[in-house]
Structure formats: structure tokens, C-alpha cells
Amino acid sequence: MKQEKRRNSRKGLIAAVALVLLLCAAVGGTLAWLTTQTDPVVNTFTPAHVTCRVDEDFSNGSKKDVKIENTSDIDAYIRAAIVVNWADASGNVSAKPVAESDYTMSLNLANSGWVKGSDGYYYYTRPVSPDAPNNFTSVLINSCAPGEGKAPDGYDLQVTILAEAIQSTPADAVTNAWGPVVTSVDSNGALTVTEQSAQ
């Protein structure tokens, strides 16, 4: 009888140990499952590169066919300022030249995509692709040449085109940067520009 009790207690002990081992394995597996991790996902974001360049034909003291090239890696909007000065060899400027007397300039604004904004900048109202051959605006200045006026001694006529580009997406990038002159972008990407009133 004692032997049978010992055998039953051993069986009970073995069963209890087996049950404990089974529970430990189950809990350990659950903990392992809960703490399993994947390798981190690394997202690399490459910022856009937005630049532009003035393209012109300069010969015989005159500028011709002035347009702007999108040298970015994304579509961009472009605006340009035209600064006309008398300048000496050191870059010093004198009194402002008088249009139609000291110089003549023919702009290409009618149906060209260019609009003169109320801030004096010329805005190209459509995005310009970075891909050739569509990476240029239309011509802004057909021609610009010295007029009959006399330059101050030691000075020459200087016509500088200052161009800026900004990414075309998201649409609010251009309105935030160039607003309030650029008021909106339509569904085709065309800018609405507050134009300079006729003087």
C-alpha cells in the first residue's frame, strides 16, 4: 500500500512537473512572440533641388530672346525682375536710365504666359518642366538695346535679369512664398497673379 502511495505521489509529482514545464513553455513562447521585433524601416527622403538660369543672346551691345531655363530636378514656377542701371566697371550705379530714351526694350507679354505682377516681378504663370525640350519659359524680352541718350561719363547701360524658381508642388508652396501677388493655383497648375495696373 505504501509502495502504491509512493508510485501515485511520484506520478502526481511528475504530472505536476510536466504541467509546470508546459506552462513555462507556453508563457516563454508568448513572451517571445510579444517581444519579437522586425528590422527598422529606413525611409530616405531626398530634398528637391530647385534652381534656374537666364538664357539670352547677347551680341552687338543688345540682349535678345531672353528666357529662363528650369535647371531643377522637379517642375517649378519662375519669376524674374528686370533691373536697368547705368553702371561703371566697378559695379557702381548712377541715376536710373530713362526707357525709350536711354534704352529700348521689347517685352513678350501678350499670350506668352508672362504677366507683370503688382510687385514689379514678371511671373511665368505655368510650371516649367525640368525635362528638355520643355525646360524653358517662353521668351520674356524680345530685345533690349541702348537708345539715343548719353550715358554718364565712365558708365554703361547694364540690364540685369534676376530670376527665381520655386517648386510647383504642393500648390500652396508658391502662394505662401510669392503671395499676396500670386493668389491661387488652378486645377491645371496655372497661377493667378495680381497684375500691375497700367500707368
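Quick note: numbers below take in every heavy atom, side chains included, and nothing from hydrogens, waters or symmetry partners.
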Where [X] and [Y] come nearest, the two heavy atoms and their spacing:
X	Y	value
Tyr103	Cys144	CD1-SG, 4.3 Å
Asp102	Gly149	OD1-CA, 3.3 Å
Ala163	Val54	CB-CG2, 4.1 Å
Ser118	Val181	OG-CG2, 3.7 Å

Practice problem: Return yes when atom CG of Asn111 has more than 12 non-hydrogen atoms of other residues, nucleotides or ligands closer than 6.0 Å, and no otherwise. | Solution: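 Counting neighbours around CG of Asn111, 12 or fewer heavy atoms of other residues, nucleotides or ligands fall under 6.0 Å, so no.
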Exercise. Please check if atom CG in Asp153 has more than 12 non-hydrogen atoms from other residues, nucleotides or ligands closer than 6.0 Å.
Key: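 No, because the 6.0 Å sphere around CG of Asp153 holds 12 heavy atoms or fewer from other groups.
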Quick one: does [X]'s side chain get under 4.5 Å of [Y]'s, heavy atoms only?
X	Y	result
Met105	Val84	yes
Phe58	Lys64	no
Asp119	Arg79	yes

Quiz item: When the ring centroid of Trp178 is compared with that of Tyr123, is the distance short of 6.0 Å?
Solution: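 Aromatic pair counts; centres sit under 6.0 Å.
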Quiz item: Hey, what do you get for OG (Ser94) to CG (Asp156), rounding to the nearest 0.5 Å?
Solution: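 Taking OG in Ser94 and CG in Asp156, the distance rounds to 11.5 Å.
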Quiz prompt | From CG (Asn85) to OH (Tyr155), nearest 0.5 Å | solution =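 Reported value, rounded in 0.5 Å steps: 10.5 Å.
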Judged by atom type as modelled, is there a donor-acceptor pair below 3.5 Å linking the side chain of [X] to the main-chain atoms of [Y]?
X	Y	value
Asp88	Ser90	yes
Asn60	Ser62	no
Lys63	Val159	yes
Thr183	Thr192	yes

Name every donor-acceptor pair, under 3.5 Å, that has one atom in a side chain of residues 124-141 and the other anywhere in the protein, sequence neighbours excluded.
unit_1, atom_1, unit_2, atom_2, d
Tyr124, OH, Arg126, NH2, 3.1
Tyr124, OH, Ser138, N, 3.4
Thr125, OG1, Gly113, O, 3.1
Ser129, OG, Asp131, N, 2.9
Asn135, ND2, Glu69, OE2, 3.1
Thr137, OG1, Ile68, N, 3.1
Ser138, OG, Ser112, O, 2.6

Throw together a table of side-chain donor-acceptor distances under 3.5 angstrom for residues 166-175, partners on residues two or more places apart or in other chains.
unit_1, atom_1, unit_2, atom_2, d
Gln167, NE2, Thr169, O, 2.8
Ser168, OG, Asp75, O, 3.3
Thr175, OG1, Asp172, O, 3.2

Practice problem: Under the side chain to side chain contact (heavy atoms under 4.5 Å, CB included) rule, what do Tyr121 and Glu164 come out as? Steps first, then yes or no, please. | Solution: CA-CA 10 Å; Tyr121 277 93; Glu164 296 178 7; 3.5 Å; yes
Quiz item: With distance as the sole criterion, is a donor-acceptor pair present between the side chains of Thr51 and Thr71 under 3.5 Å?
Solution: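 The answer is yes; a qualifying pair exists.
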Exercise. Consider only side-chain N and O atoms of Asn70 and Ser72, and report whether a donor and an acceptor are under 3.5 Å apart.
Key: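 Yes, Ser72 and Asn70 have a side-chain donor paired with an acceptor closer than 3.5 Å.
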Quiz prompt | hydrophobic_cluster_shared for Leu191 and Trp114, side chain cutoff 4.5 Å | solution =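 No, no single cluster joins them.
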Exercise. Report the C-alpha separation of Asp65 and Lys67 in whole Å, then their side-chain angles, then the decisive distance to 0.1 Å, and conclude whether the salt bridge (Lys or Arg N to Asp or Glu O under 4.0 Å) test is met.
Key: CA-CA 6 Å; Asp65 301 326; Lys67 56 188 180 272; over 6 Å; no
Quiz item: So which of Val115, Ile82, Ile78 actually passes side-chain contact (heavy atoms from CB on, under 4.5 Å) with Tyr122?
Solution: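 Of Val115, Ile82, Ile78, side-chain contact (heavy atoms from CB on, under 4.5 Å) with Tyr122 is met by Ile82 alone.
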